[in-house]
Number of protein chains: 2
Amino acid sequence: MPRRADLSDTFCPVGRSAELLGDRAVLLILRDLFFGRRRFEAIVANTGLGPQLVSARLKLMEKEGVVERHAYQARPPRHEYRLTAKGKDLFDVLYAMRNWAERWAYAEGETGTGPAMRYIHRACGTDVGTSTVCPGCGQPLRYGDLKGEPSAALRAEQAARGG
Amino acid sequence: MPRRADLSDTFCPVGRSAELLGDRAVLLILRDLFFGRRRFEAIVANTGLGPQLVSARLKLMEKEGVVERHAYQARPPRHEYRLTAKGKDLFDVLYAMRNWAERWAYAEGETGTGPAMRYIHRACGTDVGTSTVCPGCGQPLRYGDLKGEPSAALRAEQAARGG
DNA sequence: ATAGTAACTATGATAATCATAGTGACAAGA
DNA sequence: TCTTGTCACTATGATTATCATAGTTACTAT
């Protein structure tokens with residue numbers, strides 16, 4: 001595509017975020033990182049994206065300060081990618097996307113198989129459903145507060161992708 | 001680009017959301033709709049996107065059920081676009097993006113001009129800062145609960161774009 | 001009759017993405 | 001030693017999305 005207008009320096013914070021987050025690949029990679037997938041090949045396999053795309057986006061995300069490259073062994077050189085504090089702070093965005101999709105998955109009167117993943121608030125044991133605040137204890141939900149339990153369907157799908 | 005794998009039917013809700021939200025244009029159009037910009041030309045002017053892109057994305061968003069076309073006069077035919085309930089429910093996502101960008105705008109020790117927009121909780125008058133829950137009364141924040149006050153810098157920027 | 005506005009569509013250039021294949025550095029097993 | 005395998009990528013060519021610019025349709029206003 002032609003060079004589009006860059007919104008990185010706009011005053012509007014949504015415009016600035018959209019430069020990074022308005023990209024399917026970035027979102028999928030972030031999802032995988034939040035799920036604990038740190039190795040390049042695992043991310044490629046699970047997202048279904050090409051390795052060049054994953055490579056390019058990880059470089060961008062590193063430049064933006066949301067991920068960090070760590071060498072976890074020297075010979076042969078092997079790296080993994082980890083979310084930085086700035087990256088972990090994107091939890092609210094991904095969680096909001098998850099909540100929205102779960103709420104509107106079967107809006108047309110279809111019956112679904114239930115949520116892909118149930119989230120339990122560690123502090124009080126409540127299933128948080130699709131809320132931003134724990135329905136049991138009223139606490140706002142942050143990264144690390146939740147324990148995810150993937151449904152059988154989700155686990156099967158990920159296994160099929162080799163992720 | 002070549003036809004990429006479609007994730008609309010994946011079990012993962014983030015993957016499904018990313019099909020729509022992992023797109024810069026969609027995000028910018030949603031932002032404008034949340035700010036009350038409903039006319040095609042106003043969205044084109046403010047986002048800086050080309051009219052073909054805005055047209056294509058509005059069609060997609062209509063298909064996905066997040067916006068609705070309304071004729072607001074018959075002769076000459078004039079339309080506007082409005083968020084549906086499903087569209088309004090994306091507030092959490094956009095608000096989380098806003099919060100993240102405002103929190104990390106000046107992370108390197110720079111001094112900024114403050115937030116682009118201050119949000120006041122209508123119910124209790126508290127400036128909510130960048131939290132998902134009102135720091136004054138503890139209520140979760142939903143679409144319509146907040147009154148935005150754009151900074152002078154943001155207003156100037158939007159005026160310069162003709163938005 | 002001319003100019004203006006709103007909501008688009010058409011065209012051609014450019015750039016991003018994909019599928020597929022290949023590379024470099026090493027480990028493990030036959 | 002030779003082959004196979006793993007991880008983390010890079011290279012290549014085809015395809016398609018996006019942009020800038022211009023044009024269209026259907027009216028209203030002067």
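In the text below, chain A, chain B and the rest are named by the order of the sequence lines, each starting its count at 1. Note that these values count all heavy atoms, side chains included, but never hydrogens, waters or copies made by symmetry.
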Nearest whole angstrom, please: distance from the [atom2] of [N] to the [atom1] of [X].
| X | N | atom1 | atom2 | result |
| --- | --- | --- | --- | --- |
| A/Asp6 | C/dA16 | CG | P | 12 Å |
| A/Leu53 | D/dA17 | CG | C1' | 14 Å |
| A/Gln73 | C/dA27 | CD | C1' | 10 Å |
| B/Glu19 | D/dA17 | CD | C1' | 15 Å |
| B/Leu60 | D/dA17 | CG | P | 12 Å |
| A/Leu28 | C/dC18 | CG | C1' | 15 Å |
| A/Ile29 | C/dT17 | CD1 | P | 11 Å |
| B/Leu49 | D/dT21 | CG | P | 15 Å |

- Message: Is any side-chain heavy atom of B/Leu7 closer than 4.5 Å to one of A/Leu28?
- Response: yes
- Message: With a 4.5 Å cut-off on side-chain heavy atoms, are B/Leu90 and B/Leu30 touching?
- Response: yes
- Message: Main chain of A/Ile43, side chain of A/Thr47: is a donor-acceptor contact present, judged purely on distance under 3.5 Å?
- Response: yes
Please list, one pair per line, the donor and acceptor atoms closer than 3.5 Å that link side chains of residues 141-148 of chain A to other protein atoms, with sequence neighbours excluded.
residue  : atom : partner  : partner atom : Å
A/Asp145 : OD2  : A/Arg142 : N            : 2.9

- Please identify each residue that fulfils side chain to side chain donor-acceptor pair (under 3.5 Å) with A/Glu149, with sequence neighbours left out. A/Arg118
- Item | Sugar-phosphate or base contact per nucleotide [nucleotides 5-11 of chain D; S, B, -; heavy atom under 4.0 Å] | -BBBBBB
- Message: Students often mix this up, so state it plainly: with edges at 30° and 60°, are the rings of A/Tyr95 and A/Tyr119 parallel, tilted or perpendicular?
- Response: perpendicular
